[in-house]
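Keep in mind it's a predicted model, so treat the numbers as computed, not measured. Both ligands and their constituent atoms are indexed starting at 1 by order of listing.
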Amino acid sequence: MTDASGSLTILHDVSFSVTPGETLAIVGASGSGKSTLLGLLAGLDLPSEGSVTLHGKDLFAMGEDERAALRGQHVGFVFQSFQLVGHLTALENVMLPLELRGETAQVRERAQSMLERVGLGRRLSHYPRTLSGGEQQRVALARAFVTRPDILFADEPTGSLDTATGEAVIALMFELNRDAGSTLVLVTHDRSVAARCGRILTIEAGRVASDEWMGAEV
Ligand SMILES: Nc1ncnc2c1ncn2[C@@H]1O[C@H](COP(=O)(O)OP(=O)(O)OP(=O)(O)O)[C@@H](O)[C@H]1O
Ligand SMILES: [Mg+2]
């Protein structure tokens, strides 16, 4: 809805919390506000109203640098449009979050091993523009996984992948959840991915239409 000032309200009265270790799928029609919500949850976008608390800290009460540091320490994010750094190779893109954390131990090896896990061991020195869409998506996933983040936000993480590759990536995400205790918040149009999550939040026109806890996780 556009108000008199010409601004558009995308999300309305959305309120929920995610428990550490939880797996949450956000589903809903195209344009319903899923990516907008994910960007806010991760502190990448600023809301005109409202708050997001991560690890007990109000994300929007802190400055940009502090928010970026908190994100770097705890958050992995896979953008719907990948957002790889164009002048860095696949390997350098995946090393980046480790370097930003100030880590020095085996940074190159860990990044390489994560790229191997997503089937890109032979694309280490390729630049994003020379990779296919699905390959870029896998670099973006490796970049988000490499720090074993406390919370992983992924926007359509299998959107550009074939069934088998998508299945491998999903398995990797749930392994991260199981082994590193990473909380997963996934936006997906894929019913089978949503069905593997412990909880499904349905967004309709910027509102929470349903919030369902599923039975035992598969
Ligand atoms: N930067 C922007 N400026 C203005 N409107 C925007 C902007 N980004 C998104 N929108 C609008 O906000 C609404 C929600 O967009 P959003 O990207 O969150 O949808 P989505 O649920 O992720 O859709 P999809 O499944 O297609 O990715 C859409 O109507 C979109 O046109
Ligand atoms: Mg989207």
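- Of the protein's heavy atoms, at least one falls inside 4.0 Å of atom 20 (P) of ligand 1.
- Of the heavy atoms in T36, both backbone and side-chain atoms come closer than 4.0 Å to ligand 1.
- L8 CD2, 4.0 Å is the protein heavy atom nearest to atom 5 (N) of ligand 1.
- Shortest contact from atom 27 (O) of ligand 1 to any protein heavy atom: Q80 NE2, 2.9 Å.
- Within a 4.0 Å radius of atom 13 (C) of ligand 1, the protein contributes at least one heavy atom.
- A salt bridge is defined here as a Lys NZ or Arg NE, NH1 or NH2 lying under 4.0 Å from an Asp or Glu carboxylate O, and R207 with E204 fails to meet this definition.
- Per-atom contact check: atom 31 (O) of ligand 1 does not touch the protein, criterion being a heavy-atom distance below 4.0 Å.
- Residue contacts to the Mg ion (ligand 2): Q80 brings an N, O or S atom closer than 2.8 Å.
- No more than 12 heavy-atom neighbours from other residues, nucleotides or ligands sit within 6.0 angstrom of CZ on R108.
- A donor-acceptor contact shorter than 3.5 Å links the side chain of T183 to the backbone of G21.
- By the 4.0 Å N-to-carboxylate-O rule, E103 lies close enough to R110 to be salt-bridged with it.
- Atoms of ligand 1 lying under 4.0 Å from at least one heavy atom of H189, given by number and element, are 25 (O).
- Using a 4.0 Å cut-off between a side-chain N of Lys or Arg and a carboxylate O of Asp or Glu, R199 and E212 do not qualify as a salt bridge.
- Nearest to atom 25 (O) of ligand 1 among the protein's heavy atoms is K34 NZ, 2.7 Å.
- Interatomic distance, M95 CE to L88 CG, rounded to the nearest 0.5 Å: 9.5 Å.
- Looking only at heavy atoms of the protein, atom 7 (C) of ligand 1 is closest to I10 CD1, 4.6 Å.
- Taking only nitrogen or oxygen atoms, main chain and side chain alike, G31 reaches within less than 3.5 Å of ligand 1.
- Considering NZ of K34 and CD1 of I26, their distance stands at 9.5 Å, rounded to 0.5 Å.
- Relative to the ring axis of F60, R67 does not place its NZ or CZ within 45° and under 6.0 Å from the centre.
- Residue side and main chain included, S30 places no N/O/S atom under 2.8 Å of the Mg ion (ligand 2).
- Using a 4.0 Å threshold on non-hydrogen atoms, atom 3 (N) of ligand 1 does not count as touching the protein.
- The closest side-chain donor-acceptor pair between T202 and S210 falls under 3.5 angstrom.
- Checking only distances, L37 never comes within under 3.5 Å of ligand 1, N or O to N or O.
- Ligand-side atoms of ligand 1 in range of A29: 21 (O), range being under 4.0 angstrom from any heavy atom.
- For the atom pair CG of L176 and OG of S182, the computed distance is 3.5 Å after rounding to the nearest 0.5 Å.
- Residue G28 places no heavy atom under 4.0 Å from ligand 1.
- Ligand 1 places these atoms under 4.0 Å from at least one heavy atom of S35: 17 (O), 18 (O), 20 (P), 22 (O), 27 (O).
- Ranking protein heavy atoms by distance to atom 26 (O) of ligand 1, first place goes to S30 OG, 2.6 Å.
- Side chains of T53 and D58: no donor on one and acceptor on the other come within 3.5 Å.
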